[in-house]
Amino acid sequence: MNKKVRVRFAPSPTGGLHLGGVRTVLYNYLFARKHGGDFVLRIEDTDQTRFVPGAEEYIYDCLEWCGLSPDESPLKGGPFVPYKQSERKSGYKKYAEQLVAAGHAYYAFDTPEELEHMRNAYRVDAHSTAQYDKNTRTKMRNSLTLSAEETKTLIENGTPHVVRIKVPENQTIVCNDMIRGVTQFDSNLVDDKVLLKADGMPTYHLAVVVDDYLMKITHAFRGEEWLPSAPVHMLLWDYLGWKDEMPQWAHLPLILKPDGNGKLSKRDGERLGFPVFAMKWHDPIKNETTSGFREMGFLPEAFINMLAMLGWNDGTGTEIFSLQELVEKFSIERVHKGGAKFDFEKAKWFNHQYIQNKSAAELVPLVRPYMPEAHAGADSSLLEQVIGLIKDRCSLLKDFWVQGSFFFETPVITELQAVKDKWSDTKKVFFEQFAAALKTTTDFNHAALEQMFGTMATEAGLKKGDVMLPLRIMLVGGKFGPGVFNIVEVIGCDEACKRIALAIDALA
RNA sequence: GGCGCGUUGGUCAAUCGGCUAAGACGCCUCCCUUUCACGGAGGAAUGACGGGUUCGACUCCCGUACGUGCUACCA
């Protein structure tokens with residue numbers, strides 16, 4: 001066990017990269033970095049019926065945005081090219097045949113109709129379907145029931161056929177998992193999975209073990225949904241004669257939906273108003289676009305940090321970790337066994353922390369893409385000033401616009417009624433005088449302005465508190481935002497006077 | 001249905017036999033702030049159930065319940 005650590009993330013490019021997928025990438029990445037190993041990205045596109053244009057490129061983009069770039073991939077290349085299973089197609093057949101020759105697999109010629117019939121005919125009760133296994137394979141059309149001659153003829157005639165593993169009877173198959181410890185399976189309950197499909201492509205089961213072997217993978221991390229098929233993989237490692245090279249397994253817990261039960265899905269995100277994909281995904285087949293964490297205004301570091309904590313912690317209570325710190329602290333043994341419900345509020349909290357830890361200047365280029373087009377080119381020093389004023393009330397990058405749009409455009413007043421209720425001629429006169437005073441004052445900074453405002457209010461026989469809120473609503477449009485006089489200082493005299501005048505008109 | 005996996009506050013979770021059960025998110029109260037936030041101080045809220053083992057069990061074992069995953073020529 002002193003081989004160089006090599007791990008892989010092996011997605012099937014069929015759509016957006018889901019939270020759970022990114023976390024699997026992350027744990028692979030952390031483990032590889034921690035142990036000075038290699039992180040491989042392998043594209044498992046063996047199902048040609050599920051090909052989705054753009055899905056592969058999307059994965060590369062996601063990993064890059066997350067800052068989790070692989071050392072070897074279809075894009076980058078590496079010592080074990082190609083890294084796409086569709087391009088490795090020709091390599092799998094010989095292993096399937098090797099298994100047939102050794103008596104660990106067989107050819108099966110059953111049509112979909114025949115399979116369907118078998119599943120119904122041999123089921124033990126109404127709730128289940130029969131498996132293709134030791135009980136039923138003797139009743140099907142395969143090289144176990146057909147003579148060698150018949151089998152040969154069928155194959156030579158080009159009869160569609162698959163290769164199935166011949167699962168042994170009465171064995172206990174043990175999977176030793178780094179997270180869960182020992183799990184045992186009764187081989188009598190494992191079915192004869194297809195290894196090589198009729199189109200010549202391997203199934204996942206054959207492809208993972210062959211490629212993990214060929215690519216010298218030492219540790220295989222994947223979602224918990226794979227645990228039930230682990231015995232098939234164990235058997236394959238054994239039958240192919242690679243038992244000593246078998247990677248160590250770790251089956252990661254699932255990420256569940258926040259409410260109710262079940263695995264988190266794209267639909268839940270839509271229903272509950274949060275993303276489940278890392279980045280925006282456009283499905284060219286269904287022609288629908290799904291927004292992602294990036295579009296929502298997450299910083300990749302925060303997104304990664306949040307994901308790391310969903311199912312793992314270092315035991316100290318620390319929650320904020322840089323990627324480098326995660327690399328140092330991460331250990332697969334501390335990953336939980338149980339699934340975690342995703343909590344979007346907590347996710348936002350992580351992002352808030354990261355935003356607060358950045359200076360306004362650092363935030364300028366990050367916030368800019370979330371500005372509406374008309375203001376995307378806003379002056380950087382203005383932007384920096386605004387960001388500095390509002391960042392502590394922003395959790396997402398897109399919050400900067402909702403919290404600060406009034407710095408850039410005259411707002412629509414949504415809370416006029418709150419002013420109107422207590423409006424008076426005295427106040428009207430006061431605000432007119434205040435606007436006039438703004439134009440002549442030489443000391444245009446928030447502290448001086450506030451003092452002037454207070455003094456004038458008193459002179460007009462008004463309480464400062466009675467005119468603060470009206471001023472805020474005139475300038476901001478609603479009851480929110482940073483200090484009113486900071487706002488006056490930033491938007492400047494002309495704009496402030498204009499908004500006051502506009503509001504006075506609206507109140508008339 | 002079968003098989004696998006899991007189960008500490010609403011959520012994420014610490015604990016690896018000594019618990020008066022950390023911490024974080026969220027929620028509530030108060031302070032700060034003549035707005036809303038931020039920040040500060042408090043608060044409510046937890047071991048699924050039943051048996052064992054043990055001086056002692058949230059921690060170990062066995063059942064039960066519940067949840068979840070798989071049960072495709074999909075991954």
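These numbers come from a predicted model, not from an experiment. In what follows, chains are A, B, ... by sequence order, proteins preceding strands, each numbered from 1.
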Pairwise P distance for B:G23 and B:C60, with rounding to whole Å: 23 Å
Mate of B:G23 where both pairing distances stay under 3.5 Å, Watson-Crick or G-U: B:C12
OP1 or OP2 of B:C74 under 4.0 Å from side-chain N/O of A:Thr203: no
Any A:Ser128 side-chain nitrogen or oxygen under 4.0 Å from OP1 or OP2 of B:U71: no
Pair partner, B:C30 [Watson-Crick or wobble, under 3.5 Å]: B:G40
From CA spacing to verdict: side chain to side chain contact (heavy atoms under 4.5 Å, CB included), A:Leu299, A:Leu397: CA-CA 8 Å; A:Leu299 264 20; A:Leu397 292 174; 3.5 Å; yes
Under 4.0 angstrom between A:Asn313 side-chain N/O and B:C12 OP1 or OP2: no
Phosphate contact (B:U68 OP1 or OP2) by A:Lys341 side-chain N/O below 4.0 Å: no
Nucleotide of B:C73, B:A24, B:G1 approaching A:Leu115 most closely (side-chain heavy atoms): B:C73
Touch class at under 4.0 angstrom, heavy-atom based, for A:Val194 against every strand present: sugar-phosphate
Identified pairing partner of B:G2, criterion: Watson-Crick or G-U wobble below 3.5 Å: B:C70
Base-pairing mate for B:C60 - Watson-Crick or G-U, with both contacts under 3.5 Å: B:G52
Any A:Ile473 side-chain heavy atom under 4.5 Å of A:Lys479 side chain: yes
is_close_aromatic(A:Phe9, A:Phe221), centroid dist under 6.0 Å: no
Sugar-phosphate only, base, or nothing, as touched by A:Phe342 at under 4.0 Å among non-hydrogen atoms: nothing
base_contact_polar (B:A72 base, A:Lys193 side chain, donor-acceptor, <3.5 Å): no
Closest to side chain of A:Leu189, choosing from B:C73, B:G2, B:G1: B:G2
Criterion side chain to side chain contact (heavy atoms under 4.5 Å, CB included) on A:Trp312 and A:Lys329, from CA distance to verdict: CA-CA 11 Å; A:Trp312 174 87; A:Lys329 302 281 168 60; 4.0 Å; yes
Sugar-phosphate only, base, or nothing, as touched by A:Ala340 at under 4.0 Å among non-hydrogen atoms: sugar-phosphate
Heavy-atom donor-acceptor pair, A:His352 side chain to A:Phe350 backbone, under 3.5 Å: no
Sugar-phosphate only, base, or nothing, as touched by A:Asp466 at under 4.0 Å among non-hydrogen atoms: nothing
Short side-chain N/O contact from A:His336 to OP1 or OP2 of B:C12, under 4.0 Å: no
Distance, C1' atom - from B:C3 to B:C49, rounded to whole angstrom: 24 Å
Sugar-phosphate, base or nothing in reach of A:Lys337, heavy atoms under 4.0 Å: sugar-phosphate
Nucleotide of B:C12, B:A24, B:C5 approaching A:Glu224 most closely (side-chain heavy atoms): B:C5
Whether A:Phe430 and A:Phe453 hold their rings parallel, tilted or perpendicular, with breakpoints at 30° and 60°: perpendicular
Pairwise P distance for B:C5 and B:G39, with rounding to whole Å: 43 Å
P spacing across the pair B:C27 / B:A14, given as an integer number of angstrom: 24 Å
Integer angstrom distance from the P of B:G67 to that of B:U8: 15 Å
Strand partner of B:U7, provided both Watson-Crick or wobble distances fall under 3.5 Å: B:A65
Inter-nucleotide P distance (B:G2, B:U59), Å rounded: 27 Å
Sugar-phosphate only, base, or nothing, as touched by A:Glu44 at under 4.0 Å among non-hydrogen atoms: sugar-phosphate
Proximity to the side chain of A:Leu469 - top-ranked nucleotide from B:U35, B:U34, B:C38: B:U35
Per A:Trp349 side chain, nearest of listed nucleotides B:C25, B:U35, B:A37: B:C25
B:A75 OP1/OP2 closer than 4.0 Å to side-chain N/O of A:Ser229: no
Side-chain N or O of A:Arg119 closer than 4.0 Å to phosphate OP1/OP2 of B:C73: yes
is_close_aromatic(A:Phe293, A:Phe303), centroid dist under 6.0 Å: yes
Proximal nucleotide (of B:C25, B:U34, B:C70) relative to the A:Glu450 side chain: B:U34
Sugar-phosphate, base or nothing in reach of A:Lys263, heavy atoms under 4.0 Å: sugar-phosphate
Sugar-phosphate, base or nothing in reach of A:Gly481, heavy atoms under 4.0 Å: base
Validation row, ring centre A:His104 to ring centre A:Tyr239 under 6.0 Å: yes
Distance between P atoms of B:U46 and B:G10 (Å, rounded): 7 Å
Selected nucleotide, minimal atom distance to A:Arg334 side chain, candidates B:G2, B:A14, B:G1: B:A14
Side chain of A:Thr46 - closest among B:A75, B:U35, B:C5: B:A75
Within 6.0 angstrom of A:Lys166 NZ, more than 12 heavy atoms from elsewhere: no
Candidate nucleotides B:C12, B:G2, B:C74, ranked by approach to the side chain of A:Lys197 - the nearest: B:C74
Whole angstrom value for the distance that separates P of B:G69 from CG of A:Leu252: 16 Å
Nearest to side-chain heavy atoms of A:His352, which nucleotide of B:G10, B:C38, B:G69: B:C38
Distance test, side-chain N/O of A:Arg164 to OP1/OP2 of B:C73, below 4.0 Å: yes
Nucleotide paired to B:A45 in any strand shown, Watson-Crick or G-U, under 3.5 Å: none
Atom pair distance, as rounded to whole Å: CG in A:Asp268 and C1' in B:U68: 14 Å
Touch class at under 4.0 angstrom, heavy-atom based, for A:Pro482 against every strand present: base
Whole-angstrom distance between B:C66 and B:G26, as gauged at atom C1': 25 Å
Sugar-phosphate, base or nothing in reach of A:Gly311, heavy atoms under 4.0 Å: sugar-phosphate
Touch class at under 4.0 angstrom, heavy-atom based, for A:Gln131 against every strand present: sugar-phosphate
